[in-house]
2 protein chains.
Amino acid sequence: MNTQATQHFTIGGVARRAEVGIDTIRYYEREGLLPPPRRRASGYRDYGPDVVERLRFIRRAKELGFTLEEIRELLVLSTDRERGVKSVKQRAEARLDQVNQRIHELQRMKRGLQQLIDACPGHGALEHCPILRALGGEENA
Amino acid sequence: MNTQATQHFTIGGVARRAEVGIDTIRYYEREGLLPPPRRRASGYRDYGPDVVERLRFIRRAKELGFTLEEIRELLVLSTDRERGVKSVKQRAEARLDQVNQRIHELQRMKRGLQQLIDACPGHGALEHCPILRALGGEENA
DNA sequence: CTTGACTCTGGACCATGGTCAAGGGTCTAA
DNA sequence: TTAGACCCTTGACCATGGTCCAGAGTCAAG
């Protein structure tokens with residue numbers, strides 16, 4: 001019967017080990033990022049140790065800027081032996097493109113702000129403030 | 001009596017000129033970004049031409065990444081003759097700092113993603129996919 | 001047996017920046 | 001006068017990623 005007693009945790013034990021909130025775990029389950037676990041007779045969720053790994057996966061992916069939606073897709077792909085590796089790499093590349101684009105947007109903002117700051121003496125009449133003027137000011141005519 | 005007939009617009013006229021939605025204008029009014037305009041006998045909002053400038057101000061500031069909250073503060077400062085210019089410049093500098101910080105975060109993400117992508121052959125067994133492994137995989141044991 | 005810590009479900013709530021709908025009044029041209 | 005376009009207010013709704021609450025049941029220690 002192979003009655004290997006693997007470790008089992010309640011939701012609180014998982015939450016402590018993975019350093020996330022209990023509500024977050026239930027939320028991820030609702031959103032399909034975690035599979036519904038077995039239940040004890042009491043109705044308590046009964047988790048194996050895998051779920052802690054999975055929560056770490058989610059956290060690292062979040063740190064790389066993936067949305068929960070994208071992470072859910074990654075998790076599905078990670079069990080798809082046919083399309084898995086290729087698709088996962090493609091997702092990572094797509095995410096990289098998004099990051100690059102966002103960096104360029106922010107660099108455009110940065111240049112705009114820097115120009116205004118450089119042009120502004122930091123004192124004097126409001127009428128001569130290049131920041132307000134550039135933004136479209138003159139409403140206190 | 002200086003009865004100069006300046007241009008007056010209904011909310012729809014302003015919306016067309018400033019290229020924003022009518023609801024957006026009312027929303028900005030609720031949020032304190034636009035002063036409550038005079039009303040006609042009918043109750044219709046009656047705008048002078050200044051509001052179009054102000055909406056352009058808001059749009060440009062938004063493009064520079066200011067939140068509506070920050071823009072509201074800028075608008076208040078732009079009428080404060082004592083602290084105006086200095087504070088405005090400080091806000092712009094603070095915003096620049098935020099932008100720089102966000103750029104650095106994204107560049108960190110970018111490096112993380114690039115490493116995973118470079119290490120991934122794009123085919124083969126899931127077990128050997130460095131992306132899944134790095135993210136904390138092995139949950140399909 | 002009781003106390004306190006834990007868990008369950010369902011649903012409300014947070015910020016952000018709006019958008020849309022319902023049910024009514026107004027304005028203008030034909 | 002009437003149609004159609006416009007305006008009014010109030011209030012609900014969207015996505016995102018959770019957080020918190022009430023009211024009830026469970027579990028372990030003393």
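Atoms considered below: every heavy atom in the structure, side chains included; atoms not considered: hydrogens, waters and symmetry mates. Lettering follows sequence order; numbering is per chain, from 1. What you see is a predicted model, and the numbers here were worked out from it, not measured in a lab.
Side chain of B/Arg59 to main chain of B/Ala18: a donor-acceptor pair is present (N/O by atom type, distance under 3.5 Å, no hydrogens or angles).
Scored by the side-chain contact (heavy atoms from CB on, under 4.5 Å) test, B/Tyr27 finds B/Arg30, B/Glu31, B/Leu68 as partners (sequence neighbours excluded). Listed by chain and residue number, nothing satisfies the side-chain contact (heavy atoms from CB on, under 4.5 Å) test with B/Arg16 (two or more places apart in sequence, or in another chain). For B/Gln101, there are no side chain to side chain donor-acceptor pair (under 3.5 Å) partners, not counting sequence neighbours. For the side-chain contact (heavy atoms from CB on, under 4.5 Å) test, residues two or more places apart in sequence or in another chain that qualify with A/Asp23 are A/Arg26. By the salt bridge (Lys or Arg N to Asp or Glu O under 4.0 Å) test, A/Arg108 is found to be paired with no residue, residues two or more places apart in sequence or in another chain being considered. Residues passing the side-chain contact (heavy atoms from CB on, under 4.5 Å) test with A/Val51 are A/Val14, A/Leu34, A/Tyr47, sequence neighbours excluded. Looking at residues two or more places apart in sequence or on another chain, you find no salt bridge (Lys or Arg N to Asp or Glu O under 4.0 Å) involving B/Glu93.
Between A/Glu105 and A/Arg102 a salt bridge is recorded (basic side-chain N to carboxylate O distance below 4.0 Å).
The nearest whole Å value for the distance from the CD atom in B/Glu29 to the P atom in D/dT10 is 11 Å. Whole-Å rounding puts the A/Asp23 CG to D/dA22 C1' distance at 13 Å.
Contacts between residues 30-42 of chain B and DNA chain C, defined by a heavy-atom separation under 4.0 Å, are made by B/Ser42. Contacts with DNA chain D (heavy atom under 4.0 Å) in residues 93-110 of chain A: none are found.
Between B/Ala15 and B/Ile22, the shortest heavy-atom contact is CB-CG1, 3.9 Å.
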Could you list, one pair per line, each protein nitrogen or oxygen that sits under 3.5 Å from a nitrogen or oxygen of nucleotides 14-16 of chain C, together with the distance?
none

(request) Classify every nucleotide of nucleotides 2-7 of chain C by which part a protein heavy atom approaches to under 4.0 Å, writing B for the base, S for the sugar-phosphate alone and - for neither, in 5'-to-3' order. (result) ----BS

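For C/dG17, the OP1/OP2 oxygens have no side-chain nitrogen or oxygen of B/Thr24 closer than 4.0 Å.
Legend: salt bridge (Lys or Arg N to Asp or Glu O under 4.0 Å) pairs involving residues 67-76 of chain A, not counting sequence neighbours, sorted by first then second residue: A/Glu69-A/Arg72, A/Glu73-A/Arg91.
Neither B/Val52 nor B/Tyr44 shares a network with the other; the hydrophobic side chains, linked directly or stepwise wherever heavy atoms of I, L, V, M, F, W or Y lie under 4.5 Å apart, form separate groups for each.
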(request) List the steps and the verdict of side chain to side chain donor-acceptor pair (under 3.5 Å) for A/Arg111 and A/Gln114. (result) CA-CA 5 Å; A/Arg111 282 194 298 276; A/Gln114 193 67 66; over 6 Å; no

